[in-house]
Number of protein chains: 2
Amino acid sequence: MPVRSTDQILHKAAWLYYTHGLRQDEVAKQLGISRASVAMYLRRARETGIVSISTSTQLFADDVLARELEDTTGLASVWIVPEDRHAMDSAAEMPVVAAAVFLELIKKGDRIGVAWGRTVYHLADVLPYADLQGVTVMQLCGNLGAPYNYRPDQCTTEIARRLNAEGINIYAPLVLGSERLADELRGEPVIREQLAAISDCQLVLYSVGGCESDSHLVRCGALTADEMHALGKAGAGGVIAGQIIDRNGRWMDCAHNRRCISADLDTIRTIPKRMMVVEEDAKFEPLVAAIKGGFVSHLVVTTSMARRLLSRWNEVTDAA
Amino acid sequence: MPVRSTDQILHKAAWLYYTHGLRQDEVAKQLGISRASVAMYLRRARETGIVSISTSTQLFADDVLARELEDTTGLASVWIVPEDRHAMDSAAEMPVVAAAVFLELIKKGDRIGVAWGRTVYHLADVLPYADLQGVTVMQLCGNLGAPYNYRPDQCTTEIARRLNAEGINIYAPLVLGSERLADELRGEPVIREQLAAISDCQLVLYSVGGCESDSHLVRCGALTADEMHALGKAGAGGVIAGQIIDRNGRWMDCAHNRRCISADLDTIRTIPKRMMVVEEDAKFEPLVAAIKGGFVSHLVVTTSMARRLLSRWNEVTDAA
DNA sequence: GCGGCGGTTTGACTTTTGTCACACCCCGTG
DNA sequence: CACGGGGTGTGACAAAAGTCAAACCGCCGC
């Protein structure tokens, strides 16, 4: 926590430059170093979160579409990322917006639950560095091998690192070979306490998984394509923190879920801010399930997804 | 709340420049305007809090002296502003540090109580603009005419304006001519509710007033020099939100206090974060009274005041 | 004691940003 | 309809910031 003496100079330079508004050469003179060094210090100060620069995400929350979607679905807040922008790479835009929104939702001292997946890791990857000591970032579910850096513990760790927050990982596999083993492991004090602590979170961050044969759970080997297919037939609608939910967002009583080490879904529903980011348009059905299940209060989606959601909301809710 | 269409372009420019890291000429090209305009938009975005740049105040919290003072006095957190800096105008430094600390203590959605005085206004005057919609800034005490902009309502209003927060003023005088009238006014629903709402604050900001004949209360005509002198003899130790406290920080049962419209001191004591800023070294005795009275959890002081406090803490507490 | 290796620091150069005077435009007024 | 403010937008220039290769420094092993 205390400023390391090598960082002291970073703090001083940042303070004089950003807070006092001195020029770099003035800062250099005052600290008795060259201006080039000052420039370097300032970059490091920005990179480590000693200085943080944030831009309001109003721009994306301000769409009329966002308002309509909030009114229709009852979500607390919706951000819409336009995809039609030619000049700006729209695929890369979503995580950037999501990261800014995520930062805005964090309060000092918060405990934050983080799930895993491509979307979450993309967010982590563009998350600006910040100085949020006192914040705790918790893994929401057990681990499993995943391609690239999408592993649950990596998502948690990277986010914690960037925020200068404390990271808490769950040292258990996401899925176990048998229900008995999963039960026993859930009963272990270390694991039990960590899962229980999730109820203290003020904010959770996740995406929703699909139930196709190319879903993450299948690709990472937690389920076979056949098992997933069967689950789909049985009414599976999406994946939240590694657990299967049905098309109305209810926990499914299936073998997979019973063998899962993950946050209790009812607990997640009680967390005040539930931020969901959906990148792919293919995730329409899972998203609907997640919203119906009460897993979303703050939503970041593309324009086209927002339109689809809006136009088909009545239809999908009437069907219930 | 919604982005006015004239502001839309500010948001866009700020987003592209600060979040995406484009250069000004790239932003200009993308928005189809000149680079000079982009530069102007960016300045406005900074000035209005669409973009906010903040520097960690660790530097000032990190003094060994600060640690010692926290340990000795039991305060939650202390920031120490060095005064010996030749190059930097140290008188101007204190409010700048205090403003940065104040910003760091604010959480989104907070309700903040603000008192009045030179120190508080100095802080307001250098407070960076920020986009803290959802925050509420409340006046802690009634109004009175004060020189420059030190009036309670002005302090509140200016701080709320800079934060883009909601400001709530108390439309009553600080001191009334008679106790009866003060009582009746306190009983008025509008006033009563506002005073009651102070208990919902998560943070209060104030300095402490002295009890000399040149104190603010005297200069603003709330008390005569003689009355103040008499109060001093009777054990007055300082002024908190317009009310006299004794040398141990207890509310004094005096005519002035009974005629005062201000936050209940016991209520203030229950507010989690009580931030006090003391600029002048002459305020040693009042500061001690305020700390003893439990009015301070977060303190911003000069090095010399910190030293004095540290060396004389045992002495002043033993005396109690 | 010397060579080499990681890192920081610096001077010199290039690129980017800030600024300011002037052009422009909209709108209300004489 | 001409006039004159108040505010915006712009081109050109000056100022500031970013960058990079080379120098430097402390430290270790030989």
Side-chain angles (χ1 to χ4, degrees), chain A residues 2-56 58-59 62 87-89 92 96 126 128-131 161 164, chain B residues 2-56 58-59 62 87-89 92 96 126 128-130 161-162 164:
Chain A
V3 176
R4 284 179 296 128
S5 67
T6 75
D7 284 5
Q8 182 90 354
I9 192 105
L10 262 79
H11 277 90
K12 281 190 185 168
W15 182 262
L16 292 171
Y17 185 76
Y18 284 105
T19 308
H20 275 272
L22 300 194
R23 289 193 318 267
Q24 294 188 354
D25 55 351
E26 297 177 295
V27 176
K29 189 146 49 111
Q30 196 147 132
L31 300 180
I33 52 179
S34 77
R35 200 189 56 71
S37 299
V38 172
M40 192 200 56
Y41 289 155
L42 293 178
R43 179 158 35 72
R44 287 220 303 241
R46 285 188 302 263
E47 282 169 0
T48 57
I50 290 173
V51 169
S52 74
I53 301 182
S54 62
T55 312
S56 160
Q58 285 251 0
L59 185 55
D62 212 50
M88 198 192 306
D89 184 0
V96 176
V126 297
Y129 288 79
D131 184 33
R161 188 177 75 81
N164 280 294
Chain B
V3 177
R4 285 178 296 127
S5 67
T6 75
D7 284 4
Q8 182 92 353
I9 191 105
L10 262 80
H11 277 90
K12 281 190 183 167
W15 182 263
L16 293 171
Y17 185 76
Y18 284 105
T19 307
H20 275 272
L22 301 194
R23 292 192 316 268
Q24 294 189 356
D25 54 353
E26 297 177 296
V27 176
K29 189 148 47 114
Q30 195 147 131
L31 300 180
I33 52 179
S34 76
R35 202 191 53 74
S37 300
V38 173
M40 189 198 60
Y41 288 155
L42 293 178
R43 179 158 34 72
R44 288 219 303 241
R46 286 188 301 264
E47 283 168 1
T48 56
I50 289 173
V51 169
S52 74
I53 301 181
S54 62
T55 311
S56 159
Q58 285 250 3
L59 184 56
D62 211 50
M88 197 192 304
D89 185 0
V96 176
V126 296
Y129 287 80
R161 188 177 75 81
R162 298 223 177 192
N164 280 294

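Here the structure is a predicted model, which means the values were calculated and not measured. Below, chains carry the letters A, B, ... as their sequence lines are ordered, and counting in each starts from 1.
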Taking side chain to side chain donor-acceptor pair (under 3.5 Å) as the definition, give me every residue that meets it alongside Tyr129(B), ordered by chain and number, with sequence neighbours left out. Arg161(B)
Would you mind reading off the distance between Tyr18(B) atom OH and dT17(C) atom P, rounded to a whole angstrom? 10 Å
Side chain to side chain contact (heavy atoms under 4.5 Å, CB included) filter on Ser54(B), not counting sequence neighbours, yields Ser52(A)
Using a 4.0 Å heavy-atom cut-off to protein, can you give one letter per nucleotide of nucleotides 5-16 of chain C, 5' to 3': B if the base is in contact, S if only the sugar-phosphate is, - if neither? ---SBBB----S
Hits for side chain to side chain contact (heavy atoms under 4.5 Å, CB included) against Arg35(B), two or more places apart or cross-chain, chain-then-number order -> Gln24(B), Asp25(B), Ala28(B)
If I take atom CD1 in residue Ile9(B) and atom C1' in nucleotide dT8(D), what distance separates them, rounded to the nearest angstrom? 12 Å
Taking only residues two or more places apart in sequence or in another chain, which ones pass side chain to side chain contact (heavy atoms under 4.5 Å, CB included) with Thr19(B)? Thr55(A), Val96(A), Trp15(B)
For Tyr18(A), which residues count as a side chain to side chain donor-acceptor pair (under 3.5 Å) partner, sequence neighbours excluded? Arg46(A)
